[in-house]
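None of these values were measured; they are calculated from a predicted model. Residue numbers begin at 1 in each chain, while the letters A, B, ... track the order of the sequences.
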Amino acid sequence: MPADRLKSLEKRTRYDPHEVEGRVFARWEEAGIFHPEPEGSAGENYSIAVPPPNVTGVLHMGHALNGSIQDACIRLARMRGRRTKWIFGTDHAGIGTQVKVEEALAADGVTKEDLGREKFEERVWRWREEHGSLITEQYKRLGASLDYEDERFTMDEAYARAVLEVFVRLHEKGVVYRDNYMVNWDPGTRSAISDLEVEQKQVEDSLYLVDYPLESGSGSLTIATVRPETILADTAIAVNPADDRYSRLIGETAILPLVGRRLEVIADEYVDPEFGTGALKITPGHDPNDFEIGRSHGLEEISVIGEDGRLTDAAPERFRGMPVDEARKAVVAALREEGLVSGTQPYVHDVPHSHRSGMRIEPLISLQWFCDMTELARPAIEVVEEGKVRFHPDSPWTGVYLRWLREIRPWCISRQLWWGHQIPAWYRGDEVHVGMEPPDGDGWERDPDVLDTWFSSALWPFATLGWPEDTPEYGAFYPTDVLSTARDIIFLWVARMVMFGIEFTGEPPFTDVPIHSVIQAPDGRRMSKSLGTGIDPLDEIESHGADALRFGLLAMSSTQDVRYSPQRVKQGEDLANKLWNASRLILLGAAEDASPSAAAAETIEDRWIVSRLERTTREASELLDGFHFSPAALRLYEVFWSEICDWYLELAKPRLYSGDNAGVSAVLLHALERVLVLLHPVMPFATEEIWSYLPGERGLLAVAPWPEPDESLLDTEAERQLGQVIEAVTELRSYRDAVGAKASADIPGRLHADGYDDASRGQIARLARFSFMPEEHENGDVLATLPIPGGAVQVLPSEAFDPEEGEKKLTAKRDQLRGEIERGEKKLANKGFVQKAPPEVVEEERRKLEEYRRALERLGS
RNA sequence: GGGCGCGUAGCUCAGUGGGAGAGCGCUCGCCUCACACGCGAGAGGUCGCUGGUUCGAACCCAGCCGCGCCCACCA
């Protein structure tokens, strides 16, 4: 490296992410290390498929956290020398994208119907061209080492073929079928949606009591309903067979008000005699429960509410065409006119709403495509039970996953949209053709519906790699290793990927599923644009740097939801800066020809830091391998900041600045090199930048080898000895502070303690700013005796402080020691403790008690 | 209705059987030749409440009080 390059560090006392990040990222891209050649087997290689962001989306905190997690995994694997691919791509996001484009059209006063389907789809593709690259650039800003050269999109031709092939094959197996069935109709998007896209919301309604006259003329039956407009589609009345009030009426007939239809009174266990009047109107066309009851009793299914949310021709003429809300009022008014409403009461209950449009779900019977999940679920349950797919943390997510799969229900997969994978089914009269290609002959019409976006997402880990073709990419990278996500899409996506992966490839698509926090706004609310609670990761990168955001997100995240913590990001920013400055100290101070070497350790502190680095290496590897990202980040922070900076660098300075600095330079460089390596998965930019200043010819840190901990470098004795030095220095500093000693003045004293070599004694004196007299030195009274490990320091009089001030400190210290002694004695006097506690615990108690007694003795009373 | 989780320092959160931790904030002292985005020294918590198990409980068990999430077909 040119000497002036190193020299340039002298004045750069701040780490500047802006100056560094773009440049470093360009080096990675130019080196092509994010794009692996498709060689070797998936077992040797390492891959992760990114949860595809919506094509029109922008990076939010969830992406940023998950990106930080996945990138840490990917970078770790890459440094371990594995061929590594982080599969990149975007999702067409059916409804979301269609709605956005429709909104844009609306601004010009155009509807999609004005354009027609073909033109509309063109419009969406153009939209994608214009907006699709945004999130790619944002991932790059984060430092994500995705394989950008091999980007996929769920509407790409090859991917789309895979989707249709899956549909066709499942149809051949009879798993996918078309049926008239009760669906969740979303009047907002005018489409059916799946159960998972429905959310329950509490709603205040009125419960109406309505009298249905009996045909026999002997009175009436009173039912309770919150949806009087659906009365028009009633086809029976049900009562509990064990309900004495009504059992005699079973088999009788009631007359449906306003309509005049004859309704049989049927018996069904489902009816709760305690609720309402104990008599339930049955509306198979507009209520999921009634639908089930209706089917089991063979009742007629009448639909009075259409897909447009208005009453159909099946309703009496005066109500036809009315929107549901209006129809409700009209029906109630009509019933009142006939004197059939015998009461109303306010009623609060949960009502299904569309997750997408927010509108109240209209349950209705509709001809839709469904996917029966029971056969697919079985092996997906097994692989998790057998530990072939593991959730992290295991609890509660394994249980959550299994419970859902064990009670899985059919999945409505058709959507009444234009943007998506159009269902490969053609109809001609009663004929149905399902296949990859249109049928021969005239008069066939293709099903206008598209597939649920999650249907195509379920193929993501293998369709991105070229399945169903046996491509080199598929061979080299499938199955993938890790799937990282938040808990909200375990059912929507994770479980379905496992099911489809096993069904079509014979193998689960990944092995480890870390489930990370959902990041909430600092005030505990959901982070959301509409609430104004969102924090833009790009803003955070702009003001603190990508490394800072990555560190902060990893440090604040855990297994449960967390509030966004700006302090953690600040901590990351400070860490990057500290790293930068410690590096300047080492790089500018090290001997010119020095290179990193643990073997160069010559003093206790050298051996100590070398040993600590090996332990830290082991710890960091274990924590990252166990998907414990927050402890890993915080542990590395602590070791670097406290052990390396606060202690080792300070201990090393005298030798570094002496003429004989070869050994210490080598150890300092070793420590720096190791820290950069260990921190790289978390803070890739700053570490890569500093790495380029290390001596010697070296490639990118991003592909530098991740170290295996070297047991032979562990040095328990050095760790013990330096631990004593640290304790002694801290004790003496504390005294200095208590007596108000001038910061610049040394305090004279005498060191009487065992277990310190001359070098350590010198270090203690220097760091604590004491000057130790020779033991035989006589210089007036001893003002205080300060216990340190292995002995004590006698404080001698000086100008540096007022000894009176020290008395308070010493008294407090004595009190503290007496307290400790009392506690220890009490514990050891407890026979139960001595007899039942593990011997090493008792022994440790005894040792500590002795130590405290000796310390108190030295302190005097 | 069922299930899961949370309640620890002023704030945000770790810790899951043997003496209460981090970052930020706060107090005091320092521009000590890497860093004032810094250095040193501190203050601050009966670990939601009540019982129980244990020689020993923030940690295990039960109940209670608050808060949250997921699932669910009582009109």
Looking for any heavy atom pair under 4.0 Å, which part of the strands does [X] touch: base, sugar-phosphate only, or nothing?
X      : value
A:E650 : base
A:T283 : nothing
A:W397 : nothing
A:P396 : sugar-phosphate
A:V271 : base
A:D290 : nothing
A:Y564 : nothing
A:P838 : base

With distance as the sole criterion, do the side chain of [X] and the base of [N] form a donor-acceptor contact below 3.5 Å?
X      : N     : result
A:D737 : B:G42 : no
A:D272 : B:A75 : no
A:K570 : B:C24 : no
A:R568 : B:A22 : yes

In whole Å, what is the span from the [atom1] atom of [X] to the [atom2] atom of [N]?
X      : N     : atom1 : atom2 : answer
A:R227 : B:C73 : CZ    : P     : 16 Å
A:Q345 : B:A75 : CD    : C1'   : 12 Å
A:W647 : B:G38 : CH2   : P     : 18 Å
A:K11  : B:A34 : NZ    : P     : 16 Å
A:I690 : B:C35 : CD1   : C1'   : 12 Å
A:N240 : B:C73 : CG    : P     : 20 Å
A:K836 : B:G17 : NZ    : P     : 20 Å
A:Y637 : B:C13 : OH    : P     : 19 Å

Quick one: look up who [N] pairs with, Watson-Crick or G-U, both distances under 3.5 Å, and put none if it's unpaired.
N     : result
B:G66 : B:C6
B:C55 : B:G18
B:G40 : B:C28

Does the side chain of [X] come under 3.5 Å of the side chain of [Y] through a donor N or O and an acceptor N or O?
X      : Y      : value
A:E619 : A:T616 : no
A:E362 : A:H286 : no
A:D561 : A:S517 : no

Considering only [options], which nucleotide approaches the side chain of [X] most closely?
X      : options             : answer
A:Q567 : B:C24, B:C73, B:C37 : B:C24
A:K578 : B:A41, B:A34, B:C71 : B:A34
A:S558 : B:C37, B:A14, B:C71 : B:A14
A:T225 : B:C73, B:A75, B:U32 : B:A75
A:F491 : B:G18, B:C71, B:A34 : B:C71
A:T13  : B:A75, B:C35, B:A14 : B:C35
A:A837 : B:C74, B:G5, B:G18  : B:G18
A:Q571 : B:G18, B:A75, B:A22 : B:A22

Using atom [atom1] in both nucleotides, what's the gap between [N] and [M] to the nearest angstrom?
N     : M     : atom1 : value
B:A22 : B:G45 : C1'   : 14 Å
B:C71 : B:C64 : C1'   : 26 Å
B:U12 : B:G25 : C1'   : 11 Å
B:A58 : B:G48 : P     : 10 Å
B:C30 : B:U50 : C1'   : 50 Å
B:A36 : B:U46 : P     : 38 Å
B:G5  : B:U16 : P     : 15 Å
B:G29 : B:C11 : P     : 27 Å

